[in-house]
2 protein chains.
Amino acid sequence: MREDTRTRIQEIALRLFTEQGYEATSLREIAEELGVTKAALYYHFKTKDDIVTSLVGNRLVELEELLAWARSQPKTPQTRRELVERYAAGIRRTQHIGVARFLERNQTALRDHPTLTKTRELMMELVNELNEPGATPVERVSRATALFAIHAGKWMIDEGKLSEDEVEKASLEVAMRLLEP
Amino acid sequence: MREDTRTRIQEIALRLFTEQGYEATSLREIAEELGVTKAALYYHFKTKDDIVTSLVGNRLVELEELLAWARSQPKTPQTRRELVERYAAGIRRTQHIGVARFLERNQTALRDHPTLTKTRELMMELVNELNEPGATPVERVSRATALFAIHAGKWMIDEGKLSEDEVEKASLEVAMRLLEP
DNA sequence: GTCTATATACTGATAGAC
DNA sequence: GTCTATCAGTATATAGAC
């Protein structure tokens with residue numbers, strides 16, 4: 001069964017936005033790779049921004065679900081560990097890893113984009129769920145860095161010293177250690 | 001004593017590149033803030049890229065010096081701690097903190113820029129200096145995250161829960177913990 | 001759904017006067 | 001050292017034919 005054009009636009013856009021940056025990627029490039037003209041894109045998406053919104057949508061839903069789950073649980077060490085595990089699992093899911101990377105790499109270009117603002121808010125809320133109200137600065141930074149570590153490792157994969165699988169396992173281990181007091 | 005125009009261009013460019021992104025900031029904007037025309041900028045800098053090169057230059061020199069120092073030391077826990085301390089101190093220096101943020105936020109836009117490639121290489125070399133040759137994946141990721149943690153904290157400052165000073169001290173503490181086995 | 005053609009605006013960059 | 005004027009190129013976006 002052939003993919004429809006809308007999906008192919010999303011795939012190509014995500015790849016180019018991630019590789020080259022959002023601003024550096026023109027609709028002409030996307031259209032050329034797809035084998036159509038720019039105008040055809042405007043049939044499927046109202047604006048360039050609209051492509052971003054559609055890309056980020058699924059990930060936003062996932063983060064919201066994760067936050068809702070965390071809030072439904074007691075604030076225990078076990079909950080925190082599971083929260084980080086679920087976060088890492090979400091990042092690893094094939095559909096979302098690309099979107100996460102795209103967002104990581106285009107923070108500035110998209111700084112006023114509503115979906116990025118929303119993502120950032122959700123991330124801060126997740127960090128809050130990793131902390132008790134009276135947490136010390138070291139605890140807060142440490143637990144924030146735990147979530148961050150899940151992403152940080154990916155930056156090392158390109159360098160070739162470690163495989164993707166090794167990095168993922170090691171990142172999770174490091175994140176777990178950052179949750180401990 | 002009045003600042004010269006070249007310096008003011010650098011200051012304005014750094015701020016706008018950081019706030020809005022490199023691609024999203026036009027030379028027209030920079031010129032307008034400075035109160036001159038675009039053409040005047042071209043007297044001081046040959047190209048837009050050239051402004052970036054001038055901004056990153058000092059930081060590159062500092063990273064190179066830090067790497068040279070690390071290589072002149074024995075690979076001991078004490079050296080590793082001091083390396084991270086010196087790295088954090090460099091980041092904190094008023095002239096460099098801005099450049100570091102600018103580079104963090106514009107990774108994609110500058111992905112082919114020689115100064116960013118060089119910065120990334122130096123960072124990887126610093127991570128290597130934090131590791132023995134036979135280091136496990138967890139050690140490698142952990143010690144890389146230590147350097148990363150110095151930056152990671154800054155991301156939390158905007159949120160207002162912690163002061164800049166608290167975050168800096170806490171980040172260093174977290175980084176130190178990530179060096180331990 | 002996709003096309004051609006076009007509108008409108010902005011970009012980085014240069015030439016040459018003052 | 002800064003200006004005016006301008007270049008060539010590209011961008012997002014739209015109108016209307018097929």
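Chain identifiers are assigned alphabetically (A, B, ...) following the order of the sequence lines, protein sequences preceding nucleic acid strands; residue numbering begins at 1 within each chain. On a predicted model such as this, the values are computed, not experimentally measured, just so you know.
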Any A/Tyr42 side-chain nitrogen or oxygen under 4.0 Å from OP1 or OP2 of D/dA13: yes
Between B/Tyr43 and D/dT2, is there a contact of a side-chain N or O with OP1 or OP2 at under 4.0 Å? no
Send over the distance from B/Asp50 CG to C/dG12 C1', rounded to a whole Å. 13 Å
Return the value, rounded to whole Å, for the distance between atom CG of B/Asp4 and atom C1' of D/dT2. 15 Å
Send over the distance from B/Asp49 CG to C/dG12 C1', rounded to a whole Å. 11 Å
Sidechain N-carboxylate O distance under 4.0 Å for B/Arg80, B/Glu129: no
When B/His151, B/Arg92, B/Glu82 are each screened for side chain to side chain donor-acceptor pair (under 3.5 Å) with B/Tyr87, the one that passes is B/His151
B/His44 NE2 to D/dG1 P: how many Å, rounded? 6 Å
Do the side chains of A/Lys169 and A/Glu173 get close enough for a salt bridge, i.e. N-O under 4.0 angstrom? no
In whole Å, I'd like the distance from the NZ atom of B/Lys46 to the P atom of C/dA13. 10 Å
Take the angle between the ring planes of B/Tyr22 and B/Phe17 and call it parallel below 30°, perpendicular above 60°, tilted in between. perpendicular
Can you tell me the distance, in whole Å, between the CD atom of A/Glu32 and the P atom of C/dT2? 16 Å
Does the side chain of B/Thr5 get closer than 4.0 angstrom to OP1 or OP2 of D/dT2 through an N or O atom? yes
Taking only Lys NZ, Arg NE, NH1 and NH2, and the carboxylate oxygens of Asp or Glu, determine whether B/Arg28 and B/Glu32 approach each other closer than 4.0 Å. yes
Whole-Å distance separating the CD1 atom of B/Ile30 from the P atom of C/dT11: 11 Å
Could you check which of C/dG12, C/dG1, C/dT4 has an atom nearest any side-chain atom of B/Leu27? C/dG12
Residue whose nearest DNA chain D nucleotide is more 5′ - B/Ala39 or A/Tyr22: B/Ala39
N/O to N/O distances under 3.5 Å, protein versus nucleotides 6-10 of chain C:
none

Do NZ/NE/NH1/NH2 and the carboxylate oxygens of A/Glu166 and B/Arg140 come within less than 4.0 Å? no
Within this structure, what is the CZ-to-P distance between B/Phe45 and D/dT2, rounded to whole angstrom? 12 Å
Options D/dT12, C/dT2, C/dT14, nucleotide nearest the side-chain atoms of A/Lys48: D/dT12
B/Glu125 bridged to B/Arg71 by N-O distance under 4.0 Å: yes
Of the candidates D/dA13, C/dC3, D/dC3, the side chain of B/Thr37 sits closest to D/dC3
